[in-house]
J.: 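Would you mind keeping the following structure in view while I ask a few things?
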Amino acid sequence: MARNLFGGTADSVAEDITGARVPNAVGTVWDGPSAGAAQLTDLTNIDGAPILQLQADIHGFVAAFYGPDGYERLWVDFGGGSRVALVSVTIGERLDAHVSGIDPHGDRAYSDAQDATHRTAVTNVHGVTGNVVGTTDTQTLTNKTLTNPTINTAVLSGAFSGNPNFTGLPKLSGAVAATDMLGINVTGDGFDRVRVTTEGKFSWGTGAANRDTTLYRSGVSTLTTDGAFVIGGTTTHQGSTDSTRPAASNSAYTSKVTTDAVVRHNVMADGKHEWGDGTNARDAVLYRSAAGTLKTDTAFVVGGDLTVSSTTWSTYVPAVTNGGTVTWNQQVGWYKKIGKLVLVEIYLAVNAAGSGTTGITISLPSTPYRDGGSGAATTRQFIGAYCGGIAAGTNSSVSGGFSAMILAGGSGAIIDQLRGPTDIIVRGEQLGTSTIITIQGWYREA
């Protein structure tokens, strides 16, 4: 309950027994007029500050104050020999509020509650036996047939049987993308065999354990599965087929015959191809070994013509030893390798004449194959050459067709001898100022 307001009116004054006002009089407050009444000290001024007694002003007026909770009438004693009653000054306002209140005595709330109980009753209403269902009530239907019903915003639960046909577009809505919306299982399964989420992610399993196979949209126009994907028939690709693997050596594509024990064709993430017979380990490979270089570590058979489109030859400077004082106007070489076959061209034009009686040697771009075990006169290689302007020297060599000899007993990446038409070795002394040496052909690389 609340405190009520007292005093502060024209008739709220301190008087003596003769009815005269008593300025600055001090009075006490009681709960009744009799001698057995109890003094009340739970008082506050108009601002809510506690006071224990009343004090009139210089004119004898008693200022407004609040009595204890719930009191409508108080008795005040200013020492005049009797106690005077004070009635709360707000009683009229509260009476008006009571009269105009919707349900001041609570009887209307009681009536409304009884009416609501009656209206919501589902059994024994007006003597009717059984349940009565209202227009907005939840109803459980058992063994009922609904013909062409319209069901709006239904909440469905439990098991459904039969073969329902939907002629419209059934929609399943969830609060977030990962909400499970549809589950399918076989009676007795411990887990759903098929599950569909609101984001369209499908997952499958055996029904005996959690689902392990998925299919979902991972990006714009991209459908992804995190496991294997087996296609039993022919596939047609109108776009690219991309494979992303954790490591370069991981398989990105494989193929085999149904009865094969081993994959016949394997393509790794770095583009390396491997082939086999389906029974043994794969033994043929093709891969990128360096920038712009495709390589196989095994044999490569070309059934038709082999066309090499590149016209670029590698260059090197052929070094001539045992030439003595010779200098060169031109000293250039070109070569191209096809496996162990080396095509080579060497062009040498003398500037200043050479000297010395030791046979000259000319460097090659790589080490040639040599017999090595049968002596210098057994297994040899030679490259065709032409030498013009050869000086006679002490061994009387002449110009013409020459042979650039690679001897079995030689070593290193060199032509061991340059022999003239009369089978005489060219020495440093025979390199004259007009000598030009052209060597062109091929050799077998070691």
Side-chain angles (χ1 to χ4, degrees), residues 151-279 281-282 284-289 291-292 294:
I151 302 175
N152 298 316
T153 317
V155 177
L156 306 177
S157 63
F160 294 83
S161 61
N163 299 300
N165 294 319
F166 297 93
T167 57
L169 177 64
K171 292 186 177 181
L172 306 176
S173 299
V176 295
T179 303
D180 290 329
M181 297 304 299
L182 178 64
I184 303 174
N185 60 35
V186 175
T187 302
D189 282 348
F191 298 83
D192 284 341
R193 297 196 179 204
V194 181
R195 184 72 66 83
V196 184
T197 66
T198 47
E199 61 191 336
K201 181 176 182 178
F202 282 73
S203 58
W204 293 266
T206 63
N210 279 326
R211 293 164 298 282
D212 49 36
T213 306
T214 60
L215 187 64
Y216 59 95
R217 176 186 180 274
S218 60
V220 177
S221 302
T222 304
L223 199 59
T224 299
T225 181
D226 297 325
F229 194 85
V230 179
I231 301 175
T234 302
T235 61
T236 301
H237 300 273
Q238 295 182 344
S240 63
T241 301
D242 298 330
S243 176
T244 302
R245 305 291 287 143
S249 60
N250 291 155
S251 294
Y253 166 82
T254 62
S255 65
K256 67 177 183 177
V257 177
T258 303
T259 56
D260 283 347
V262 179
V263 169
R264 292 197 181 210
H265 183 206
N266 178 44
V267 182
M268 296 181 180
D270 62 357
K272 182 178 182 179
H273 285 247
E274 299 177 331
W275 291 268
D277 59 8
T279 300
R282 292 176 295 279
V285 297
L286 187 64
Y287 60 96
R288 175 186 180 274
S289 61
L294 198 60

J.: Can you tell me how far apart CD (Glu199) and OG1 (Thr197) are? Round to the nearest 0.5 Å.
T.: 4.0 Å
J.: Between CZ of Arg217 and OG1 of Thr222, what distance do you get to the nearest 0.5 Å?
T.: 7.5 Å
J.: Taking salt bridge (charged side-chain N to carboxylate O under 4.0 Å, His left out) as the cut-off, I'd like each qualifying pair that reaches into residues 165-183, sequence neighbours left out, listed once.
T.: Asp180-Arg195
J.: Indicate the atoms forming the closest heavy-atom contact of Arg282 with Val263, along with that distance.
T.: NH1-O, 3.1 Å
J.: Shortest non-hydrogen contact from Asp260 to Asp277?
T.: OD1-O, 4.4 Å
J.: With Asp192 as reference, evaluate Asn185, Val186, Asn210 under the side chain to side chain contact (heavy atoms under 4.5 Å, CB included) test and give the passing residue.
T.: Asn185
J.: Atom OG1 of Thr214 and atom CZ of Phe202: how far apart are they, to the nearest 0.5 Å?
T.: 12.0 Å
J.: Tell me the closest heavy-atom pair linking Asn266 and Ser251, and the distance in Å.
T.: OD1-OG, 2.7 Å
J.: Taking all heavy atoms of Val285 and all of Glu274, pick out the closest pair and write down the distance.
T.: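 For Val285 versus Glu274, the nearest heavy atoms are CG1-CG, 4.0 Å.
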J.: Which distance, rounded to the nearest 0.5 Å, do you find between the OG1 of Thr254 and the CZ of Arg264?
T.: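 Going from OG1 on Thr254 over to CZ on Arg264, the span is 13.0 Å.
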J.: What class does the angle between the rings of Tyr253 and His265 fall in, given that below 30° is parallel, 30 to 60° is tilted and above 60° is perpendicular?
T.: perpendicular
J.: State, with a plain yes or no, whether a side-chain heavy atom of Val262 is found less than 4.5 Å away from one of Lys256.
T.: no
J.: Under the 3.5 angstrom rule, does the side chain of Thr198 hit a backbone N or O of Val176 as a donor-acceptor pair?
T.: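 At least one qualifying donor-acceptor pair exists.
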J.: Are Arg245 and Met268 side-chain neighbours, meaning at least one heavy-atom pair lies under 4.5 Å?
T.: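 They are not in contact (no side-chain heavy atoms under 4.5 Å apart), so the answer is no.
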J.: State the OG-CG distance between Ser203 and Asp212, to the nearest 0.5 angstrom.
T.: 9.0 Å
J.: Does Ile184 form a side chain to side chain contact (heavy atoms under 4.5 Å, CB included) with Arg193? I'd like the steps, not just the answer.
T.: CA-CA 6 Å; Ile184 303 174; Arg193 297 196 179 204; 5.8 Å; no
J.: Would you check if Thr179 and Met181 make a side-chain contact, meaning some heavy-atom pair closer than 4.5 Å?
T.: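 Thr179 reaches Met181 side chain to side chain.
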J.: On a heavy-atom basis, which atom in Ala247 and which in Ala269 lie closest, and how many Å separate them?
T.: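 Closest approach of Ala247 to Ala269: O-CB, 3.4 Å.
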J.: Check step by step if side chain to side chain contact (heavy atoms under 4.5 Å, CB included) holds for Phe191 and Thr206.
T.: CA-CA 8 Å; Phe191 298 83; Thr206 63; over 6 Å; no
